[in-house]
Amino acid sequence: MNLLSRRSLLAIAAVVDIALHSRASPVAAKALAARHKLPPRHLETLLQGLVHAKILKGVRGPRGGYELARERRRISVGEIVRTSVNLSTAEPEELGSHSMLLEKVVDPAVRQAGESFLVNLDAITVEQMCEDADRAHILEEEKAAGDFAI
């Protein structure tokens with residue numbers, strides 16, 4: 001069972017992808033979208049939110065794209081997830097239910113559990129995920145699959 005939203009998983013994947021691919025030059029949103037089999041516009045809001053949170057840095061121009069705003073070891077998965085959650089458009093108050101049970105029992109318990117979960121994610125850095133990707137030979141497999149970034 002995965003406890004994270006698709007948006008949060010995509011945010012983590014995008015940041016790790018950029019960390020792996022931006023050493024020589026920034027990663028174009030188009031190349032990032034192609035690697036994740038998404039329409040390029042699908043990522044723009046997410047990437048801009050990560051820039052606003054100072055996780056990524058946007059580079060303008062013909063060779064522009066995205067790169068990490070900080071060292072890989074200084075970006076936690078928990079921070080990425082918090083940013084992606086904050087980009088969500090639906091606030092809990094807008095979801096329709098205002099019962100006492102939800103407000104006084106269920107919501108506080110779930111929030112507390114969620115905070116514990118995020119503390120665990122804070123212990124995982126982008127550096128660690130990049131090391132895992134290296135051990136899994138992700139970049140070599142992408143090249144073998146014919147991934148040609150534009």
Side-chain angles (χ1 to χ4, degrees), residues 1-96 107-150:
M1 168 174 55
N2 195 339
L3 300 177
L4 294 177
S5 68
R6 175 133 171 86
R7 174 184 284 257
S8 292
L9 293 172
L10 189 54
I12 296 166
V15 172
V16 173
D17 185 291
I18 289 167
L20 290 169
H21 291 92
S22 69
R23 293 192 178 192
S25 62
V27 174
K30 196 174 198 178
L32 183 63
R35 277 194 292 276
H36 295 279
K37 297 172 180 52
L38 295 167
R41 292 186 148 232
H42 188 79
L43 287 175
E44 263 324 300
T45 305
L46 183 60
L47 294 171
Q48 287 303 313
L50 292 166
V51 167
H52 186 70
K54 297 185 178 15
I55 294 171
L56 297 179
K57 180 170 54 172
V59 179
R60 295 180 183 256
R63 298 243 187 260
Y66 295 91
E67 56 190 20
L68 297 181
R70 293 179 263 144
E71 297 170 325
R72 302 191 298 188
R73 64 184 173 83
R74 295 186 57 225
I75 302 170
S76 77
V77 171
E79 180 182 9
I80 297 166
V81 169
R82 282 183 189 87
T83 298
S84 71
V85 167
N86 288 335
L87 293 172
S88 178
T89 56
E91 289 296 320
E93 297 81 31
E94 298 171 3
L95 297 178
D107 190 50
V110 171
R111 282 183 191 270
Q112 183 178 2
E115 280 304 312
S116 298
F117 180 60
L118 287 172
V119 166
N120 287 323
L121 291 178
D122 285 334
I124 304 168
T125 65
V126 171
E127 178 71 28
Q128 292 167 313
M129 296 197 97
C130 288
E131 290 169 0
D132 290 345
D134 287 342
R135 279 192 292 280
H137 306 287
I138 298 298
L139 293 176
E140 292 89 350
E141 287 183 21
E142 284 178 353
K143 286 180 183 170
D147 175 37
F148 298 105
I150 298 171

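In what follows, every heavy atom counts, from backbone to side chain, and hydrogens, waters and symmetry copies are set aside. Sequential numbering from 1 along the given sequence is applied to the chain's residues.
With sequence neighbours excluded, the residues forming a salt bridge (Lys or Arg N to Asp or Glu O under 4.0 Å) with Glu71 are Arg73, listed by chain and number. The side-chain contact (heavy atoms from CB on, under 4.5 Å) check on Ala19 picks up Leu68, Arg72, Val126, Cys130, with sequence neighbours excluded. For Arg41, there are no salt bridge (Lys or Arg N to Asp or Glu O under 4.0 Å) partners at least two apart in sequence or on another chain. Considering only residues two or more places apart in sequence or on other chains, His52 meets the side-chain contact (heavy atoms from CB on, under 4.5 Å) condition with none of them. When the salt bridge (Lys or Arg N to Asp or Glu O under 4.0 Å) test is applied to Lys57, the partners found at least two apart in sequence or on another chain are Glu67.
The two residues Tyr66 and Ala29 make their nearest non-hydrogen contact at CE1-CB, 4.0 Å. Between Asp122 and Gly78, the closest heavy-atom pair is OD1-CA, 3.2 Å.
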Indicate every side-chain donor-acceptor pair of residues 112-121 with a distance under 3.5 Å to a residue at least two apart or in another chain.
unit_1, atom_1, unit_2, atom_2, d
Ser116, OG, Gln112, O, 3.3
Asn120, ND2, Ser116, O, 3.4

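Expressed to the nearest 0.5 Å, how far OG1 of Thr83 lies from CG of Leu46 amounts to 9.5 Å.
For the pair Arg35 and Leu20, the minimum side-chain heavy-atom distance is 4.5 Å or more. The shortest distance between side-chain heavy atoms of His36 and His42 does not fall below 4.5 Å. You'll find the side chain of Met129 reaches within 4.5 Å of the side chain of Ile12, heavy atoms only.
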